[in-house]
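Residue numbers start from 1 in every chain, and the chains themselves are labelled A, B, ... in the order their sequence lines are given, proteins ahead of strands.
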Amino acid sequence: MVTIALLGALNGAKKKGQLKTETWPTLTLDAPKRPEWGDLASTVAMSLASSEHKAPHDIAQIIVENLPQREELFERVEIVRPGFLNLTVKPTLWQEVLRAIESQGAAYGKADFGRGRRVLVEYVSANPTGPLHVGHGRGAAVGQAIVRLLEAVGHEVAGEYYINDAGRQMKLLGASVYARFQELSGMKVEFPEDGYHGAYITAVAERIKQQLSDTAGEMAPADLETQCRVLAYQEMLRLIRDDLSSLGIDFQSWFSEAALLESRAVEQVLDELKSRGLLFEQEGALWFRSSAFGDEKDRVVKKHDGEYTYLASDIAYHRDKLQRGYDLLVDVWGADHHGYIPRMQAVMQAYGHPKERLHVVLVQLVKLLRGGVEVKMSKRTGSFITMREVIDEVGADAAKFYFLMRDSRTHLDFDLELAKQRSTDNPVYYVQYAHARISSLWRVAAERGVACPQSTEADLAVLTDPDELGLIRKLSAYPEILQTSASTFEPHRMTYYLQQLAALLHMFYNKHRILPPAVEQEQGDGGAIEELTPKKTAARLVLMRSVQQVIRNGLTVLGISAPEQM
RNA sequence: GCGCCCGUAGCUCAGUCGGAUAGAGCAUCAGCCUUCUAAGCUGAGGGUCGCUGGUUCGAUUCCAGCCGGGCGCACCA
C-alpha cells in the first residue's frame with residue numbers, strides 16, 4: 001500500500017514534468033534499523049540522483065510533495081541527510097496487518113509468483129549401501145524446506161530421490177555382505193577391498209542367512225552373491241525410507257538408476273548427443289564436449305572398457321527430468337560435489353536450455369558436538385553417527401531446526417546436548433515454546449471466561465504501545481522473508497526470522513499482561529502494573545493469535561511441528 | 001598450480017542486488033526475581049566486518065591483488 005503511494009508520487013511528479021527518469025528502479029522499502037527513522041525507509045531519491053541530475057534531497061522533496069493520501073496514510077514523512085525518505089505510517093495501517101493474518105490464516109505470507117512453473121527438487125539421493133548419516137539429514141531437511149518454500153510461492157513442486165542402484169557401489173555392497181555371509185558359515189574369506197565394514201553389513205548377512213537357510217546350500221556361489229546384493233539393497237533402501245519418514249520426510253518419487261539403464265535411455269541420450277557432434281572418441285573412450293558450454297574440460301561418458309561413467313547416467317537422468325516437463329531443476333548436493341556443477345549445467349545447455357535451468361544447492365558437512373566437545377567420526381572404521389541416532393536422541397523437530405539454522409553452504413556445528421535441552425538456550429525450544437505459550441493463553445482465557453474475539457470485534461486502535469507495534473511490524477515482514485527465502489533457496493532465513501519473532505513474543509509476554517488476573521487472586525497493591533482494560537485484553541488476544549499464526553506458518557514451511565503445549 | 005566456497009564481537013553465526021551509529025544467541029559482567037506456563041527477567045561491556053588498493057556522494061557489501069581455512073580438479077560415485 002505504501003509502495004503504491006510512492007509509485008503514485010513518482011508518476012505524479014513525472015506527469016508534472018518534475019521528474020524525467022524513464023523507468024523507476026524497483027521500489028524497496030525496508031524497516032530502518034533505528035525506531036526514530038520511522039517504520040519504513042526508501043532510498044529511491046538517492047538512486048535517482050544520477051539519472052535526474054538533481055540532488056537527492058530535492059528529489060525526495062518532490063516525491064513528498066506528490067505523495068497521494070499523505071494525510072490518511074502517514075503519521076510522519078521525513079527527509080533525512082543524504083536523501084533518505086523516512087515514513088512513519090498511521091497506526092491504523094498496522095491494524096490491517098492483523099486483519100490480513102486473520103483472514104489469510106495459513107496462507108499468510110504466501111505468494112504466487114511461481115504460478116505455472118513446475119519444479120523438481122532432487123535431494124538426499126544417498127547410495128543405498130548403508131544407513132543415512134548426519135550429513136544426509138541436513139540435506140534432507142534442506143531439500144524438504146526448499147520444496148515447501150517453492151510451493152509457498154506458487155510453484156508446482158515434486159521432491160525426488162535418485163537411487164544409485166547400479167554400478168560399482170552396488171557390487172561392493174553385494175560383495176561385502178556375501179563375504180560376511182561366508183564368514184558366518186565358517187569360511188575364511190578375504191574381505192573385498194573398499195568394501196563396506198559397518199556392523200550393519202554383518203547384520204544384513206545374518207538376516208539373509210536365516211532367510212535362505214533352506215535353499216542356500218543348493219545355490220551356486222554367484223547366485224548367492226547376487227542374492228546377497230539384491231536382498232541387501234532392498235533392506236538398505238527400506239532402512240533409508242524409514243529413516244527419512246522418521247524425520248517426517250517423504251518423496252513424491254523414487255527414481256531408479258538401474259531402471260534408467262534398463263530402458264536404454266543412456267544409449268539414446270548418447271546417440272542424440274553424438275548426432276549433434278557433442279561426443280567424440282579419443283584414447284578408446286567416448287567424451288562429452290562439455291567444454292563447449294563453459295566446463296573447464298571435456299568429460300568421459302563411456303570408458304575404454306565399455307562401461308558408462310556416472311556422468312552418462314546423470315546426463316540421461318537430467319534429460320529425463322527435462323522431458324518430464326519441469327521448468328526448473330533443483331539438485332541438493334553435498335558441498336564436495338561442487339566441481340560437478342559446470343558439467344551438469346553444460347548438459348542443460350547441450351539441450352538448449354540456459355544453465356540456470358539447473359540450480360544446485362550445496363550442503364556442507366555437519367560437525368557433531370556433545371556439550372561443546374566434538375564427536376569424532378571415522379569413515380574408515382565405520383564408526384559414524386547415523387541420522388537415526390541423532391533423531392532418536394534429540395527428536396525430529398530439533399534435528400530439522402538445527403539443520404536449517406545456518407546457510408547450507410557453511411559448516412554447521414550441531415550440539416546434541418543443546419538440541420535436546422528444554423530451555424530457552426535451545427533455539428528450537430525457544431520458538432516452539434512461543435507457540436505453545438500462546439496456546440496456553442487460550443486455555444487460561446477459557447478458564448477465566450474471557451472470550452477471544454475476532455479482529456473485527458476488537459478495537460485494535462488501542463494497540464499503540466511500542467512493544468505491540470514492534471511485534472506487528474515483525475509480523476508484517478514475514479511475507480518478504482518467506483519469499484526471499486524461497487527465491488534464494490535459503491531456508492535458514494526462516495529459522496532466523498522465527499527466532500527473532502519468538503524473542504519479541506517472549507519479551508512482550510514477560511513484560512505485559514494480556515489476560516486480567518483470576519478473580520480470586522489478590523490484586524496486589526503494587527501500583528506500577530499497567531492498566532488492563534477488557535478492550536486492551538481483546539486487542540492483545542488478537543495480536544497474540546496473529547503471532548501464533550505466523551510462527552505456525554513458518555514452522556510448517558520448515559517441516560517442524562508447532563506444539564500446543566510442551 | 002587452477003577452480004569453487006568461507007573469513008563479521010571471546011565462541012557459533014545473521015546481514016550485504018552499495019546506504020544513515022554493523023545485528024542475534026551463547027559466554028562474560030552487573031542488578032532483579034519466582035510471575036497468565038514453568039525450565040527465569042532487565043541491563044552493560046565487547047568490532048580496523050581477514051589485509052591492501054580501486055570504483056562511488058557513500059563499500060562489510062561491487063572489482064582486483066594478497067593472506068588464512070575448507071573442498072574439488074578421475075576412463076570414482
Roughly how many Å apart are B/G65 and B/G25, using the P atom of each and rounding to a whole number?
39 Å
Report the distance from atom CG of A/Leu412 to atom C1' of B/G70, rounded to the nearest whole Å.
15 Å
Out of B/G15, B/U37, B/G40, minimum distance to the side chain of A/Arg493 belongs to B/G15
Expressed as a whole number of angstroms, how long is the span from A/His57:NE2 to B/A20:P?
18 Å
Under 3.5 Å, is there a donor-acceptor pair between the A/Ser561 and A/Asp397 side chains?
yes
Side-chain donor/acceptor contact of A/His338 with base of B/C5 under 3.5 Å:
no
Return the nearest nucleotide to the side chain of A/Thr43; candidates are B/G72, B/C73, B/G19.
B/G19
Applying a 4.0 Å non-hydrogen cut-off, can you work out what A/Glu283 is touching in the nucleic acid: base, sugar-phosphate, or nothing?
base
Taking only the side-chain heavy atoms of A/Met507 (C-beta and beyond), determine which of B/G19, B/U42, B/C75 contains the nearest atom.
B/U42
Check the orientation of A/Trp287 and A/Phe280. Use parallel for under 30°, tilted for 30 to 60°, and perpendicular for over 60°.
parallel
Looking at every strand, decide which applies to A/Asn127 at a 4.0 Å heavy-atom threshold: base, sugar-phosphate, or nothing.
sugar-phosphate
If I pick the P atom on B/C63 and the same atom on B/C6, what distance separates them, to the nearest angstrom?
12 Å
Would you call the rings of A/Tyr433 and A/Tyr429 parallel, tilted or perpendicular if under 30° counts as parallel and over 60° as perpendicular?
parallel
Between B/U61 and B/G50, how far apart are the two C1' atoms, rounded to whole Å?
15 Å
Go through B/U12, B/C36, B/C73 for me and flag the one nearest to the A/Leu441 side chain.
B/C36
Name the nucleic acid region contacted by A/Lys302, choosing base, sugar-phosphate or nothing; use a 4.0 angstrom heavy-atom cut-off, strictly under.
nothing
Pair A/Glu468 + A/Arg473, salt bridge at N-O below 4.0 Å:
no
Counting heavy atoms from C-beta on, name the nucleotide in B/C75, B/U37, B/C71 closest to the side chain of A/Asp336.
B/C71
Options B/A77, B/C75, B/U35, nucleotide nearest the side-chain atoms of A/Arg513:
B/U35
Determine the contact category for A/His337: base if any of its heavy atoms lies under 4.0 Å from a base atom, sugar-phosphate if only primed atoms, P, OP1 or OP2 are that close, otherwise nothing.
base
A/Gln421 CD to B/A39 P: how many Å, rounded?
14 Å
Answer yes or no: does a side-chain N or O of A/His492 lie under 4.0 Å from OP1 or OP2 of B/G15?
yes
What's the closest nucleotide to the A/Ala41 side chain, out of B/U12, B/A20, B/C73?
B/A20
What about A/Glu296: does its side chain form a donor-acceptor pair under 3.5 Å with the base of B/C73?
no
Taking B/U34 as the reference, what is the distance to B/A39 when you measure between their C1' atoms (whole Å, please)?
12 Å
Note: for A/Val300 and A/Thr484 on RNA chain B, the residue whose nearest nucleotide lies more 5' is A/Thr484
Counting the atoms with a prime plus P, OP1 and OP2 as sugar-phosphate, which does A/Asp298 contact under 4.0 Å by heavy atoms, base, sugar-phosphate, or nothing?
nothing
B/G23 base to A/Tyr496 side chain: any donor-acceptor pair below 3.5 Å?
yes
Between B/A59 and B/U42 - P atom distance, rounded Å
37 Å
Represent RNA chain B in dot-bracket notation, 5' to 3'. Only Watson-Crick or G-U wobble pairs with both distances under 3.5 Å count; pseudoknot-style crossings use [ ] and interstrand partners use |.
(((((((..((((.....[...)))).(((((.......))))).....(((((..]....))))))))))))....
Picking from B/U37, B/A77, B/G19, the nucleotide nearest the side-chain atoms of A/Thr309 would be B/A77
Take atom P in B/G23 and the same atom in B/U60, then report the distance between them in whole Å.
14 Å
Using a strict cut-off of less than 4.0 Å between a Lys/Arg side-chain nitrogen and an Asp/Glu carboxylate oxygen, indicate whether A/Asp314 and A/Arg319 qualify as a salt bridge.
no
At under 4.0 Å, does any side-chain N or O of A/Arg437 touch on OP1 or OP2 of B/A38?
yes
From CG of A/Asp295 across to C1' of B/G72 the rounded distance in Å is 12 Å
Applying side chain to side chain contact (heavy atoms under 4.5 Å, CB included) between A/Ser408 and each of A/Val363, A/Ile146, A/Val332, A/Leu362, report the one that passes.
A/Val363
Whole-Å gap separating P (B/C11) and CG (A/Leu418):
18 Å
Rounded distance in Å between the P positions of B/U48 and B/U56
28 Å
Hey, mind stepping through A/Glu160 and A/Tyr317 against side chain to side chain donor-acceptor pair (under 3.5 Å) and telling me if it holds?
CA-CA 12 Å; A/Glu160 182 163 285; A/Tyr317 174 42; 2.6 Å; yes
Using the ring of each side chain (for Trp, its six-membered ring), is A/Phe414 parallel, tilted or perpendicular to A/Phe403, with breaks at 30° and 60°?
perpendicular
May I ask you to say what A/Asp407 touches in the nucleic acid, namely base, sugar-phosphate or nothing, with a heavy-atom cut-off under 4.0 Å?
sugar-phosphate
Between the base of B/A39 and the side chain of A/Asn426, is there a donor-acceptor distance below 3.5 Å?
no
What integer distance in Å separates A/Gln499:CD from B/C26:P?
10 Å
Taking only side-chain N and O atoms of A/Arg168, does any of them lie within less than 4.0 angstrom of OP1 or OP2 on B/A74?
no
Checking all strands, does A/Tyr430 fall into the base, sugar-phosphate, or nothing category for heavy-atom contacts under 4.0 angstrom?
nothing
Please report the distance separating the C1' of B/G46 from the corresponding atom of B/U8, rounded so that it comes out in whole Å.
14 Å
Nearest-nucleotide pick for A/His411, side chain only, options being B/G70, B/U12, B/C36:
B/G70
Classify the side-chain pair A/Trp37/A/Glu78 by whether it contains a donor and acceptor separated by less than 3.5 Å.
no
Would you please confirm or rule out a distance under 4.0 Å between OP1 or OP2 of B/A14 and any side-chain N or O of A/Thr410?
yes
Salt bridge flag under 4.0 Å for residues A/Asp194 and A/Arg168:
yes
In terms of the angle between their ring planes, are A/Phe489 and A/His359 parallel, tilted or perpendicular, with boundaries placed at 30° and 60°?
parallel
Counting heavy atoms from C-beta on, name the nucleotide in B/A39, B/G40, B/C73 closest to the side chain of A/Arg422.
B/A39
Are A/Phe84 and B/A20 stacked, counting the six-membered base ring, centres under 5.5 Å, planes under 30°?
yes
Spacing between A/Met405 atom CE and B/A24 atom P, to the nearest angstrom:
17 Å
Euclidean distance, atom OH of residue A/Tyr509 to atom C1' of B/C41 [Å, nearest integer]:
14 Å
Closer to the 5' end of RNA chain B via nearest nucleotide, is it A/Met46 or A/Gln565?
A/Met46
I'd like to know if A/Glu490 pairs up with A/Arg406 as an ion pair, taking the criterion as any Lys NZ or Arg NE/NH1/NH2 lying under 4.0 Å from an Asp or Glu carboxylate oxygen.
no
